[in-house]
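Per chain, numbering begins at 1; letters A, B, ... match sequence-line order. What you see below is based on every heavy atom in this structure, not just the backbone, and it leaves out hydrogens, waters and symmetry mates. Everything numeric here is computed off the predicted structure, so don't read it as measured data.
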Number of protein chains: 2
Amino acid sequence: MKSVQVEASEVSKGSSSSQSLSRGLSVIDFILRTLASFGTLASAIAMGTTRQTLPFVTRFVRFKAVYKDLPTLTFFVIANSVVCGYLVISLPLSFFHVVKCKVTKSRIILIIFDTVMMALLTAGASSAAAIVNLAHNGNTNANWFAICRQFNSFCQRISGSLIGSFVAVVVFILLIIISAVVISRR
Amino acid sequence: MKSVQVEASEVSKGSSSSQSLSRGLSVIDFILRTLASFGTLASAIAMGTTRQTLPFVTRFVRFKAVYKDLPTLTFFVIANSVVCGYLVISLPLSFFHVVKCKVTKSRIILIIFDTVMMALLTAGASSAAAIVNLAHNGNTNANWFAICRQFNSFCQRISGSLIGSFVAVVVFILLIIISAVVISRR
């Protein structure tokens with residue numbers, strides 16, 4: 001009788017520590033999700049509101065540079081906006097996971113959407129990075145000139161706007177891993 | 001006594017069907033991993049071996065086009081090679097999961113690496129897609145000319161090489177979801 005009681009108490013202790021770990025990871029999930037939503041929002045706004053008008057005109061240089069001039073940067077703004085919207089929508093579910101640690105199905109749903117959104121965000125951030133790199137350095141082999149010599153402040157802004165997006169990509173990697181660990185510890 | 005036997009047989013049936021589902025998903029995981037390794041290998045080889053020499057010379061057109069002329073395409077080849085190498089290394093572990101369905105820790109390790117590799121591959125494929133799109137269409141706002149008018153066969157090859165890579169990205173999304181589902185059904 002005594003040994004059964006000891007075993008039961010050990011199982012209960014193990015279950016309790018596992019549950020508190022799951023709750024801790026769920027809280028981290030919620031915080032990371034909030035962080036990533038701010039990162040993507042900041043990236044979308046920083047890129048979307050960038051414009052520079054040059055004070056002079058030559059044969060080759062345009063008057064004004066906005067993100068819409070480069071289709072890849074438009075995709076970047078759309079991808080970040082969509083992912084930011086998704087993250088905000090997922091916050092209540094993430095909070096629900098803090099309260100109810102043991103649910104699994106909704107965590108699987110979150111993993112599915114997190115993975116798809118991570119792919120979308122990485123695609124947006126990487127393609128924009130490729131174009132921003134080209135704007136900075138140009139490519140002599142393809143005769144593509146570095147436009148940042150003229151549009152200096154425009155280039156600084158679009159480079160900076162990549163940061164929030166790449167931070168969010170790292171956060172998504174962590175979110176997926178956290179979800180998998182929590183599911184495995186049910 | 002009878003009711004206990006019936007319950008035990010139901011639990012055993014449920015466990016058996018869950019195990020066969022896990023085994024089925026593990027087999028799909030192995031097949032998808034093999035498919036993705038061929039896709040990334042084909043992409044890396046197709047991009048890496050592309051070259052076109054023009055039969056004429058003008059002031060602006062170069063003699064030869066290879067993937068190394070564009071740093072983003074070099075990154076694409078490296079990313080695909082690394083991911084292909086990882087996929088080949090992960091195949092024995094995936095096969096081990098077919099045999100031993102119930103293991104969890106190694107599945108978590110696979111999810112971690114799969115997620116990081118997916119981010120790397122998506123970054124490589126998307127940035128290359130942005131540059132390939134630029135090579136095809138150019139950008140009049142930035143005075144970047146479409147080089148595909150001259151290097152037509154080079155452009156066709158680099159466009160085609162993106163396919164295997166994007167297929168592998170979709171496969172990675174499926175792999176992560178499959179691993180999460182299998183872990184949840186232990």
Side-chain angles (χ1 to χ4, degrees), chain A residues 60-62 64-66 68-73 75-76 79 104-105 107-108 110-112 114-116 118-131 133-135 137-147 151 166 169-170 172-177 179-181 183-186, chain B residues 60-62 64-66 68-73 75-76 79 104-105 107-108 110-112 114-116 118-131 133-135 137-147 151 166 169-170 172-177 179-181 183-186:
Chain A
F60 291 108
V61 180
R62 292 180 63 245
K64 207 173 172 182
V66 290
K68 280 184 184 170
D69 291 339
L70 298 158
T72 314
L73 303 188
F75 173 57
F76 176 84
T104 303
K105 276 186 185 164
R107 282 190 201 274
I108 297 280
L110 264 195
I111 283 192
I112 294 171
D114 281 355
T115 313
V116 174
M118 189 187 113
L120 176 66
L121 189 64
T122 313
S126 311
S127 52
I131 296 298
N133 173 48
L134 200 62
N137 303 319
N139 188 296
T140 49
N141 298 319
N143 285 310
W144 292 333
F145 306 108
I147 57 166
F151 295 97
F166 276 107
V169 169
V170 175
F172 265 110
I173 293 176
L174 295 175
L175 285 177
I176 292 168
I177 295 169
S179 292
V181 170
I183 290 171
S184 74
R185 294 190 71 88
R186 273 178 319 143
Chain B
F60 291 108
V61 180
R62 294 180 61 246
K64 207 173 173 182
V66 291
K68 280 184 184 170
D69 292 339
L70 299 158
T72 315
L73 303 188
F75 173 57
F76 176 84
T104 304
K105 277 187 186 165
R107 282 190 201 274
I108 297 279
L110 264 196
I111 283 192
I112 294 171
D114 281 355
T115 313
V116 174
M118 190 188 111
L120 176 66
L121 189 64
T122 314
S126 312
S127 52
I131 296 299
N133 173 48
L134 199 63
N137 303 318
N139 188 295
T140 51
N141 299 319
N143 284 311
W144 291 333
F145 306 107
I147 57 166
F151 296 97
F166 276 107
V169 169
V170 175
F172 265 110
I173 294 176
L174 296 175
L175 286 177
I176 292 169
I177 295 169
S179 291
V181 170
I183 289 171
S184 74
R185 294 189 72 88
R186 273 180 319 142

Is A:L174 in contact with chain B via its backbone, its side chain, both, or neither, using a 4.5 Å heavy-atom distance?
neither
Heavy-atom contact with chain B under 4.5 Å, split by part of A:A123
both
Please flag which part of A:I131 lies under 4.5 Å from any non-hydrogen atom of chain B: side chain, backbone, both or neither.
both
Would you mind telling me which of A:A125, A:G124, A:S126 has the largest number of heavy-atom pairs within less than 4.5 Å of chain B?
A:S126
By side-chain hydrogen bond (donor to acceptor under 3.5 Å, both in side chains) - contacts of A:N139 (at least two apart):
none
Please rank B:T104, B:V116, B:L134 by heavy-atom pairs under 4.5 Å with chain A and give me the top one.
B:L134
Contacts of type side chain to side chain contact (heavy atoms under 4.5 Å, CB included), residue B:I177, not counting sequence neighbours
A:I112, B:I173, B:V181
Contacting moiety of A:A128, where chain B heavy atoms sit under 4.5 Å:
neither
Give, as side chain, backbone, both or neither, the part of A:L121 having an atom under 4.5 angstrom from any heavy atom of chain B.
neither
To the nearest 0.5 Å, how far apart are CG in B:L110 and OG in B:S179?
6.0 Å
Side-chain touch B:F75/B:L120, heavy atoms, less than 4.5 angstrom
yes
Gap between atom OG1 of B:T122 and atom CZ of B:F166 - 0.5 Å precision:
8.0 Å
Which heavy atom of B:I111 sits nearest a heavy atom of B:A180, and at what distance?
CD1-N, 4.0 Å
